[in-house]
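Structure first, commentary second.
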Amino acid sequence: MALYNQPNLTDGIDQALVDVAIAVPSFVPMFLIFIYATIFIGGAISQKRRTGFADIPMWATISAISTLMISLPMTIISGMLDIDVLALIVTITIASGVWLFLDRRNTEI
């Protein structure tokens, strides 16, 4: 009995990713967390280096929307992304958007 059965790559990369997601259930959520953190940290550090100030609510919203856009096509493929993970991503996106909206002053555009 093998510890891990390698996916059949002749079926296509989407089937290989589904096989990996089934074998390792935390693969897709950890991949999405990696994308969120990379955009969030990279953008905030880059902005802080350029302007001296990092707009954290803006980068939280940008990274949440980017993660949502990447996760939406994953819901089309059966077995790739659970509805619970998608609901959490949508909740984080809405919460970060509200945070960005409430953080802005009336004089800012």
Side-chain angles (χ1 to χ4, degrees):
M1 181 172 178
L3 182 63
Y4 173 70
N5 295 326
Q6 291 184 344
N8 185 4
L9 294 178
T10 58
D11 291 340
I13 191 68
D14 58 340
Q15 187 60 40
L17 289 174
V18 170
D19 291 343
V20 171
I22 290 171
V24 184
S26 63
F27 172 72
V28 174
M30 289 297 146
F31 176 69
L32 294 173
I33 288 171
F34 172 76
I35 290 171
Y36 181 90
T38 302
I39 295 170
F40 180 76
I41 293 170
I45 289 174
S46 176
Q47 183 182 21
K48 183 158 178 98
R49 194 174 349 141
R50 281 185 286 117
T51 64
F53 173 73
D55 192 2
I56 300 298
M58 181 189 71
W59 285 108
T61 305
I62 289 172
S63 57
I65 290 172
S66 301
T67 305
L68 179 65
M69 290 300 114
I70 291 171
S71 66
L72 284 177
M74 289 181 177
T75 59
I76 296 172
I77 302 169
S78 178
M80 186 72 135
L81 188 67
D82 293 335
I83 193 71
D84 298 336
V85 176
L86 183 64
L88 182 64
I89 292 169
V90 169
T91 304
I92 290 172
T93 304
I94 292 171
S96 62
V98 168
W99 182 25
L100 177 67
F101 178 74
L102 294 177
D103 185 62
R104 299 294 166 210
R105 295 184 200 103
N106 291 336
T107 58
E108 289 181 337
I109 296 175

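Below, all heavy atoms of this structure are taken into account, side chains as well, without hydrogens, waters or symmetry copies.
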Distance from [X] atom [atom1] to [Y] atom [atom2], nearest 0.5 Å?
X     : Y     : atom1 : atom2 : answer
Leu81 : Phe27 : CG    : CZ    : 12.0 Å
Ile70 : Ile39 : CD1   : CD1   : 5.5 Å
Phe34 : Thr67 : CZ    : OG1   : 11.5 Å
Ile83 : Leu88 : CD1   : CG    : 12.0 Å
Leu68 : Ile35 : CG    : CD1   : 12.0 Å
Phe40 : Ser96 : CZ    : OG    : 10.0 Å

Point to revise | Worked verdict on Val20 versus Val28 for side-chain contact (heavy atoms from CB on, under 4.5 Å) | key: CA-CA 9 Å; Val20 171; Val28 174; over 6 Å; no
Same cluster or not: are [X] and [Y] linked, directly or through other Ile, Leu, Val, Met, Phe, Trp or Tyr residues, by side-chain heavy atoms under 4.5 angstrom apart?
X     : Y     : value
Ile22 : Leu86 : yes
Met74 : Met30 : no
Met58 : Met69 : yes

Exercise for review: Using the side chain to side chain donor-acceptor pair (under 3.5 Å) rule, collect all pairs that involve residues 40-52, keeping only residues at least two apart or in two chains.
Suggested key: Gln47-Trp59
Study note, to complete from the structure: Taking every heavy atom of Ile56 against every heavy atom of Ala44, the minimum-distance pair comes out as CD1-CB, 4.2 Å
**Study point:** Contact summary for Pro57 and Asp103, nearest pair of heavy atoms
**Key:** CG-OD2, 3.6 Å
Study note, to complete from the structure: The remaining residues in the hydrophobic cluster of Ile76, counting side-chain heavy-atom contacts under 4.5 Å among Ile, Leu, Val, Met, Phe, Trp and Tyr, are none
Practice item. List the steps and the verdict of side-chain contact (heavy atoms from CB on, under 4.5 Å) for Tyr36 and Ile89. Key: CA-CA 10 Å; Tyr36 181 90; Ile89 292 169; over 6 Å; no
Practice item. State, with a plain yes or no, whether a side-chain heavy atom of Asp55 is found less than 4.5 Å away from one of Arg104. Key: yes
